[in-house]
Amino acid sequence: MGKQYSEVNDYRMYTTKAELHKAVNSLMGLIRGIQYDGIITNEELAEVFHWCNLHRHLENNSPFNEIIPMIDSALDDGQLDEEEIQDIQWLCNRILHQDEFDEFYDLVTVSIQELEGILHGMLADRKLDDTEIDQLEEWMENHSFLLKGTYPFDEIDSLLTAVKHDGVVTKEEKSMLTAFFANFIDTKLSHNIHEPEIRSLQEKFSINGICAVCPEITFENKIFSFTGTSARATRNEIAEIINNKGGIFNNNVNKKTNYLIVGADGNPCWAYSCYGRKVEKAVQLRKAGSPIVIVHENDFWDETY
């Protein structure tokens with residue numbers, strides 16, 4: 001299973017204590033992510049084995065001199081059972097709580113690194129299912145008190161809220177989630193997640209997924225907010241256009257907001273990175289009964305000419 005070390009020894013390896021700490025946090029998340037659907041496939045096992053191969057040149061150094069032999073032994077029969085997973089997690093937790101690691105990262109950084117590992121684990125078999133999405137949502141809820149207001153937690157939370165608002169996550173929405181989650185995975189460090197495949201998805205899916213389709217926009221006495229960036233106009237210019245058409249521009253999203261315009265500028269693969277919190281707030285207010293329409297910038301311009 002996995003690429004041999006000779007194939008990956010040109011990658012940047014972890015040498016500092018801070019990087020070692022990140023590697024262990026990522027492993028913890030990776031294992032948690034592959035567990036989420038209750039079935040560990042050969043592809044997912046290969047991803048864990050690949051993690052070992054990437055660090056095998058450090059096998060004589062702590063903490064890899066403990067972690068790698070344990071994982072190798074666990075994978076020797078081509079399986080990873082619950083007891084073996086618990087043993088690996090126990091060892092990682094023990095290592096992470098040693099003094100030489102504690103000084104480098106606070107709880108926020110540790111949790112974000114674990115979250116990125118979880119996303120990696122979820123995509124290790126190159127598909128998402130409902131159970132994995134539900135488990136991720138539960139993890140997000142349990143860590144909201146700590147991570148709310150940080151990147152990429154808010155952006156991921158916004159997208160999860162949007163795709164689950166009707167209680168059903170469609171095949172297309174799962175593809176959109178895959179495209180977004182892959183932003184936080186280094187495909188060079190993955191055995192199964194291939195960059196061309198991910199790029200193809202990221203070109204297809206952008207912020208459109210949570211915007212209204214061909215919305216009817218009226219301006220007179222309506223309150224507009226804008227988020228993100230636009231290649232066509234500055235925020236002040238957009239506000240002036242709205243005001244000239246009889247609308248009201250307010251930079252903050254609240255229950256009186258009628259339209260939230262989402263800027264279209266930037267690489268599609270970072271479609272949510274600049275404005276997750278406003279989109280999230282709009283979705284939450286809409287669920288509470290406020291008639292907020294989330295509008296893609298392209299539809300806004302169609303209505304202004």
Side-chain angles (χ1 to χ4, degrees), residues 137 140-141 144 147-170 172-173 175-177 179-181 183 202 204-305:
E137 185 178 41
M140 300 284 287
E141 289 175 356
S144 178
L147 299 179
K148 198 169 186 63
T150 64
Y151 176 84
F153 180 89
D154 283 354
E155 286 70 22
I156 294 169
D157 196 39
S158 295
L159 187 53
L160 284 174
T161 299
V163 301
K164 295 200 71 178
H165 78 280
D166 59 356
V168 177
V169 183
T170 66
E172 186 174 32
E173 288 171 332
S175 294
M176 181 170 63
L177 288 172
F180 185 60
F181 293 168
N183 291 313
Q202 290 172 338
K204 180 178 180 181
F205 294 100
S206 65
I207 194 67
N208 291 1
I210 59 173
C211 291
V213 178
C214 299
E216 181 180 344
I217 302 174
T218 57
F219 288 87
E220 193 68 31
N221 296 322
K222 300 296 183 181
I223 299 175
F224 290 76
S225 183
F226 182 87
T227 188
T229 56
S230 169
R232 299 183 60 170
T234 66
R235 187 165 303 202
N236 287 339
E237 289 170 340
I238 290 172
E240 184 178 355
I241 291 169
I242 290 169
N243 292 332
N244 289 340
K245 286 184 166 292
I248 302 164
F249 183 82
N250 185 344
N251 196 46
N252 298 315
V253 175
N254 56 50
K255 63 182 180 180
K256 294 183 179 180
T257 305
N258 298 107
Y259 300 97
L260 172 62
I261 305 165
V262 179
D265 193 25
N267 190 318
C269 71
W270 297 103
Y272 299 85
S273 62
C274 298
Y275 37 75
R277 285 183 288 279
K278 280 189 180 179
V279 171
E280 177 192 55
K281 187 171 184 180
V283 170
Q284 290 175 340
L285 287 169
R286 190 167 59 186
K287 288 175 68 175
S290 297
I292 299 175
V293 180
I294 303 176
V295 179
H296 192 278
E297 179 186 357
N298 292 342
D299 290 315
F300 170 77
W301 293 117
D302 288 345
E303 292 290 331
T304 58
Y305 294 107

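Contact check for Leu177 versus Leu160: side-chain heavy atoms found under the 4.5 Å cut-off. With a 4.5 Å cut-off on side-chain heavy atoms, Val262 and Val295 do not count as touching. Taking the side chain as every heavy atom from C-beta outward, Tyr259 and Pro291 never approach each other to under 4.5 Å.
Side chain of Asn243 to main chain of Ala239: a donor-acceptor pair is present (N/O by atom type, distance under 3.5 Å, no hydrogens or angles). Looking at Glu173, its side chain does come within 3.5 Å of a backbone N or O of Thr170 through a donor-acceptor pair.
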For residues 246-255, run the donor-acceptor check on the side chains, cut-off 3.5 Å, and write out each pair with its distance to 0.1 Å, sequence neighbours left out.
{"residue": "Asn250", "atom": "OD1", "partner": "Asn252", "partner atom": "N", "Å": "3.0"}
{"residue": "Asn251", "atom": "OD1", "partner": "Arg235", "partner atom": "NH1", "Å": "2.8"}
{"residue": "Asn251", "atom": "OD1", "partner": "Lys278", "partner atom": "NZ", "Å": "3.4"}
{"residue": "Asn254", "atom": "OD1", "partner": "Lys256", "partner atom": "N", "Å": "2.8"}
{"residue": "Asn254", "atom": "OD1", "partner": "Thr257", "partner atom": "N", "Å": "3.4"}

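Below 30°, between 30° and 60°, or above 60°: for Phe224 and Phe300 the angle between ring planes is above 60°, a perpendicular geometry.
Counting non-hydrogen atoms of other residues, nucleotides and ligands closer than 6.0 Å to CD of Glu141 gives a total above 12.
Atom CG of residue Asn258 and atom CD1 of residue Ile217 lie 11.0 Å apart, to the nearest 0.5 angstrom. In this structure, CG in Leu260 is found 13.0 Å from CD1 in Ile223, a value given to the nearest 0.5 Å. The CZ atom of Arg232 sits 6.5 Å away from atom OG1 of Thr304, with the distance rounded to the nearest 0.5 Å. Going from atom CH2 of Trp301 over to atom CD1 of Ile238 covers 5.0 Å, rounded to the nearest 0.5 Å.
Taking both residues in full, the closest heavy atoms of Lys245 and Phe219 are given as O-CB, 3.3 Å, listed atom of the first, atom of the second, then distance.
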> How far apart are the C-alpha atoms of Ile261 and Ile294, what are their side-chain angles, what is the distance that settles it, and do they pass the side chain to side chain contact (heavy atoms under 4.5 Å, CB included) test?
Replying inline: CA-CA 6 Å; Ile261 305 165; Ile294 303 176; over 6 Å; no

